[in-house]
J.: 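Got a structure here, written out as structure tokens. Questions coming.
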2 protein chains.
Amino acid sequence: MKKKITLKQIARELDVSISTVSKALRNSIEISEDTREKVQAFAKLYNYRPNNIALSLKNRKTKTIGVIIPEIVHHFFSKVIRGIEQVANKRGYNVIVGLSNESFDKEVINMQMLANGSIDGFILSISKETLLQQDYHHFKETISQGMPIVMFDRVVNEIECDKVIIDDLKGSKNAVSKLLSNGCKHVAIITTKDYVSVGKLRTQGYLEALEDYKMSPNSNLILKVDDELVSEDHLISLESEIEQLFLNNKKIDGVFAVNELYAIIGMKVARKRGLRIPDDIQFIGFTDGVLSKHATPSLTTVSQHGQEMGEKAAELLIEKLEHEDQEEQYQTVVIETELIERNSTK
Amino acid sequence: MKKKITLKQIARELDVSISTVSKALRNSIEISEDTREKVQAFAKLYNYRPNNIALSLKNRKTKTIGVIIPEIVHHFFSKVIRGIEQVANKRGYNVIVGLSNESFDKEVINMQMLANGSIDGFILSISKETLLQQDYHHFKETISQGMPIVMFDRVVNEIECDKVIIDDLKGSKNAVSKLLSNGCKHVAIITTKDYVSVGKLRTQGYLEALEDYKMSPNSNLILKVDDELVSEDHLISLESEIEQLFLNNKKIDGVFAVNELYAIIGMKVARKRGLRIPDDIQFIGFTDGVLSKHATPSLTTVSQHGQEMGEKAAELLIEKLEHEDQEEQYQTVVIETELIERNSTK
DNA sequence: TTGTATGCGTTATCAA
DNA sequence: TTGATAACGCATACAA
């Protein structure tokens, strides 16, 4: 077992100084062709690679990006990571992932772990608990220490930093308009409680679409699910909540759900009640996961372009990292949503 | 903007030596209570945290684990990462993720990037291309350099290291037996080409189950999909391949698919042909993703317990890392599969 | 009780 | 053309 070799060892073996080896390997013209070749051959033979940690310490930058997301078993976040990874790697950066599991404490701890030199900057989406508690001191602190943050999807006005979001309002407004223009008269929405910013915005889009069509909202048609942890149990109660929605409104002929799962379960309930999709009732969901694509009928959704969000976030962060001199100017990039029409709408 | 503070700065401010500060912060009894308190107060005020990179360099260990997976937009791998993250964090380790995208080159490059000091050990699942080319030198090299590897799911006999797998053969044999005992007489299998080790094993389990039931295999019932990248196009061809399967075998009354997607698409084709599930035909898939749970009808599957695999892999790796003195003894842990019965079987 | 020196692996500056 | 030295931030053996 030949351990990783270092400059020092090469130097000793070849009976030259460490700095000679270092220069020779970097093809410095200071070094004679002779020794250069000798050193390079030896290094190649022993498969020398400079130690990243030492480089990080010396350069005071790690060339790695820290990503904190609430949950990884989730198509949207997986896609975002994929996008981040893609551009990060292309530009010579590593990606290190931390999960908050929607918990404030884990979010804080994970950030602390990474902020102490392990990474150059953060890309993150805020956990639900943090959103609920509205305690953002950990973000402010890291930023004030000179470590840039890019937030995506679940962002918050209180924090000044680069952001990548989608136009939730417009996306959902489009979707609901689609249902209305398709002839739906009683469109329900299945959404989250308002502290989840995206849920709130999507609800607002729903309301605006109704308004455009001169329809007045009916609170009976608005189901705000208390979206705690999505456990087995929760799914069952979710299903019964939706059943209740249908019981209260026998005339529902369109449903807009703020995520994929709500839509799928909604379709399930509708089917159980003997409704035909999309003839009797139409559905539109949010997010571009696998569930939508492979459901029966396949679900029309508002695509968030997760991968693109990740790519953009990584670009923004790397830009900041590599031009620290630049004026402090934060931007918010809005990624366009796209209505992907499938078979749950006419 | 107060930059991150270092020992040196604290020392200068307080007019003591660096080592005094260092010791004071670690509560060394060598230091007088007086200065200890003074230093600690100051450190707290400035929110001092030791620099991870410096610690890594000094200790020659980074307390971070490198994970290389073929694909992240995939429930199984997401779950594994989640498991890894969970135990890693609990034991003070970070997790850094690299994606191979099923490509040999990206796998090699990603490993090289991380192996140069960034991490203490690897957890990985081999990319399809690597499996196909059977070129494992990069694994052998990192191991011979003293960096431990734990492989999961897609493993290979040629490499000596800890492994976490499921009993693919037994799992699929169970599944097929279930179909047979449920009365299916013509059970088809939708599987991958043999170079994907798990595909091969699952096919073998299928054959053994048939044998147990004294049925002879019919090559017409075995569809080996050429599972390249799963693109939109590929899905379409996959669907038509499955249609062909049904055309060739009008009597199929049971299908075992080696993954979730194949099963879902199989169900779709069957439904199109007017078959009722599970009355006319029964389905079982492999993997524990969301598709299965929320399909209509919900799909009976062989669960791989991805999170558990991740947890176990992380435990094995950390064990190795923290007891390097131990004898070189590699183990292969087999995680039990579980048949989760839903509505696609009787 | 405090401080000095050394080393982790590298690169850069300056001296030889 | 080569080498010695300092520095990145920290911990520690040893000296004062």
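Numbered from 1 within each chain, the chains take letters A, B, ... in sequence-line order. Note: hydrogens, waters and symmetry copies are ignored here, and every other heavy atom, side chains too, is used.
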J.: For A:Ile53 and D:dC10, what is the distance between atoms CD1 and P respectively, to the nearest whole Å?
T.: 14 Å
J.: Flag the pair A:Arg82 and A:Glu311 as a salt bridge only when some basic side-chain nitrogen lies within less than 4.0 angstrom of an acidic carboxylate oxygen.
T.: no
J.: Strictly under 4.0 angstrom, non-hydrogen atoms only: write out the protein contact profile of nucleotides 9-16 of chain C, one letter per nucleotide from the 5' end, B, S or -.
T.: BBBBBB--
J.: For the side chain of A:Glu71 and the backbone of A:Val73, is there at least one donor-acceptor N/O pair under 3.5 Å apart?
T.: yes
J.: Just say parallel, tilted or perpendicular for the rings of B:His137 and B:Phe104, cut-offs at 30° and 60°.
T.: tilted
J.: Would you mind reading off the distance between A:Lys61 atom NZ and D:dG9 atom P, rounded to a whole angstrom?
T.: 14 Å
J.: Atom CZ of B:Arg36 to atom P of C:dT1: distance rounded to whole Å?
T.: 8 Å
J.: Regarding B:Thr35, tell me which of base, sugar-phosphate or nothing describes its non-hydrogen contacts under 4.0 Å with the strands shown.
T.: sugar-phosphate
J.: Salt bridge or not for A:Lys79 and A:Glu308, using N-O below 4.0 Å?
T.: no
J.: Tell me whether the rings of B:Phe139 and B:Tyr136 are parallel (<30°), tilted (30 to 60°) or perpendicular (>60°).
T.: parallel
J.: Could you give the CD1-to-P distance, from B:Ile10 to C:dG3, as a whole number of Å?
T.: 14 Å
J.: Taking only side-chain nitrogens and oxygens of A:Ser17, does any of them come within less than 4.0 Å of OP1 or OP2 of D:dG3?
T.: yes
J.: Would you call A:Val39 and A:Leu25 a side-chain contact if the rule is heavy atoms closer than 4.5 Å?
T.: yes
